[in-house]
Protein chains: 2
Amino acid sequence: MKITSKGRYAVLAMVDIAKFGENTPCNLSHVSVRQNISLSYLEQIFNDLKKAKLVKSQKGPGGGYRLNKESSEIRILDIFNAIDEQIKTTGCGNNPKSSCSGTGQKCLTHNFWENLEGVIGNYLNSVYLSDLTAGYSISDERRVISE
Amino acid sequence: MKITSKGRYAVLAMVDIAKFGENTPCNLSHVSVRQNISLSYLEQIFNDLKKAKLVKSQKGPGGGYRLNKESSEIRILDIFNAIDEQIKTTGCGNNPKSSCSGTGQKCLTHNFWENLEGVIGNYLNSVYLSDLTAGYSISDERRVISE
DNA sequence: TAGATAGTTGACTAAATTAGTAGGTTATTA
DNA sequence: TAATAACCTACTAATTTAGTCAACTATCTA
């Protein structure tokens, strides 16, 4: 159960933009240095973010990226969707009608995995970019003591 | 944000064992056929499950695997831990003191990712194997409508 | 209008991980 | 003692990830 670096980077870079791009556009070289992410990789990510209209761009000197909405209107789930970071725990294909593991019917655990996806999705949908820039604290949620 | 097949298989196979192994040990060939999982792969998985004492084995003809506890005492998180399916969304190493992306300090999103891990962990910790054998329903939890 | 800046695009690739396969050994029981 | 089924280790093919590289286009400023 992991997140891809792309997903982590996308959220981190959006927080960076939200934080440093309030008055002036942020160019990716700066984001790259501040957050320690490869510039070329950032370019790919911002390509997706722009297509999803989460950011807008300005070419040329002094240009860069800015948020396209208030950070209080951008949900983390929006960022995940933009870069196609799917929340996918079931074994079946994208078609919701398709069966699990090619057996022609739902596997014994299908509903459970769907619920897990729901739990994760609900959470990502409930957190806004503005929550992160405000210094989201660990005490905001109970943590599980695993093991 | 995905689960590995190993993780999916482990939970599915445990449900299978819980369901079909009540009176007699389940041999993995049968599980393999019923759940459509490679036998050799199942063997590896059950090796881990046994080490974690979630199942016990019986060699020889008529042998197989059975649960080592009541299914109402086995949490899904236990299964994840047994096969080392980690819930890991932060970018930093295993050492909790280590920094994110080698910068020597926590990244801007660190707390958020930790919270996400907590949300997932709490959920997996709250569901028992017995919930799944009882026909866990999608209506047990609210689902998010994403996109 | 030249040159620098910064976004845009697409093709390519090394490394890591996943998802197995293959082949044998050991223990048990009928 | 033959069949069964767990146990164990090494290997590998495929996929995904996490980038790199190279070129192009738009825009601003001097």
Side-chain angles (χ1 to χ4, degrees), chain A residues 1-13 17 20-21 24-33 35-66 68 83-86 88-89 91 93 101-102, chain B residues 1-13 17 20-21 24-68 83-86 88-89 91 93 101-102:
Chain A
M1 186 107 247
K2 271 192 220 152
I3 273 209
T4 61
S5 288
K6 193 177 183 185
R8 254 186 301 113
Y9 290 166
V11 174
L12 182 54
I17 296 283
F20 296 101
T24 165
C26 278
N27 76 66
L28 294 189
S29 322
H30 291 163
V31 179
S32 166
V33 170
Q35 307 306 335
N36 197 28
I37 306 171
S38 136
L39 175 58
S40 302
Y41 206 27
L42 270 180
E43 287 170 344
Q44 289 175 38
I45 291 168
F46 273 80
N47 196 357
D48 291 340
L49 293 173
K50 193 186 171 187
K51 274 184 198 153
K53 299 195 169 132
L54 296 182
V55 297
K56 55 192 170 192
S57 64
Q58 172 66 48
K59 284 188 174 185
Y65 288 95
R66 338 185 56 160
N68 199 28
I83 61 158
D84 200 36
E85 173 85 28
Q86 297 185 354
K88 187 104 196 67
T89 60
S101 57
Chain B
M1 187 103 242
K2 270 192 223 155
I3 273 209
T4 61
S5 289
K6 193 176 183 184
R8 255 187 300 111
Y9 290 166
V11 174
L12 182 53
I17 296 284
F20 296 102
T24 166
C26 276
N27 76 66
L28 294 187
S29 321
H30 290 163
V31 179
S32 167
V33 170
R34 276 196 297 261
Q35 307 305 337
N36 197 28
I37 305 171
S38 138
L39 174 59
S40 302
Y41 205 27
L42 271 180
E43 287 172 346
Q44 289 176 40
I45 292 169
F46 273 80
N47 195 359
D48 291 339
L49 293 173
K50 193 185 169 186
K51 273 183 199 153
K53 300 199 170 135
L54 296 182
V55 296
K56 56 191 168 189
S57 64
Q58 172 64 47
K59 283 190 177 184
Y65 288 94
R66 338 186 55 161
L67 296 184
N68 200 28
I83 60 158
D84 201 37
E85 173 83 28
Q86 296 186 355
K88 188 105 195 67
T89 60
S101 56

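Below, chain A is the first sequence line, B the second, and so on; all start at residue 1.
- Here C/dA27 presents its C1' atom at 15 Å from CG of B/Asn27, a figure rounded to the nearest Å.
- Scanning all heavy atoms of the two residues, the minimum distance from A/Gly21 to A/Arg66 falls at O-NH2, 3.7 Å.
- By the 4.5 Å heavy-atom criterion applied to side chains, A/Ile17 and A/Phe46 are counted as neighbours.
- Rounded to whole Å, atom P of D/dA6 lies 10 Å from atom CG of B/Leu42.
- Residues A/Lys6 and A/Asp84 fail the side-chain proximity criterion, which asks for heavy atoms closer than 4.5 Å.
- Between the B/Ser32 side chain and the B/Ser38 main chain, no donor and acceptor come within less than 3.5 Å of each other.
- B/Met1 has its side chain out of reach of A/Gln86: every pair of non-hydrogen atoms, C-beta onward, lies at least 4.5 Å apart.
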Quick tally for nucleotides 18-30 of chain D: nucleotides whose base has a protein heavy atom under 4.0 Å get B, sugar-phosphate-only ones S, the rest -, giving BBBB---BSBB--
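- In this pair, B/Tyr41 and B/Tyr9 present their aromatic rings perpendicular. The plane angle is above 60°, beyond the 30 to 60° band.
- Sorted by residue number, the members of residues 45-56 of chain A with any non-hydrogen atom under 4.0 Å from DNA chain C read A/Asn47, A/Lys50.
- Projected onto DNA chain D by closest heavy-atom contact, B/Lys2 and B/Tyr65 fall at different nucleotides, the more 5' of which corresponds to B/Tyr65.
- OP1 or OP2 of D/dC7 has at least one side-chain nitrogen or oxygen of B/Ser57 nearer than 4.0 Å.
- Atom CD1 in B/Ile83 sits about 11 Å away from atom P in C/dT18, given to the nearest Å.
- Side-chain atoms of A/Asn47 and A/Glu43, non-hydrogen and from C-beta on, never get closer than 4.5 Å to each other.
- Regarding A/Asp84, its CG atom lies at a distance of 10 Å from the P atom of D/dT17, rounded to whole Å.
- Under the 4.5 Å side-chain criterion, counting only non-hydrogen atoms from C-beta, B/Phe20 is in contact with B/Arg34.
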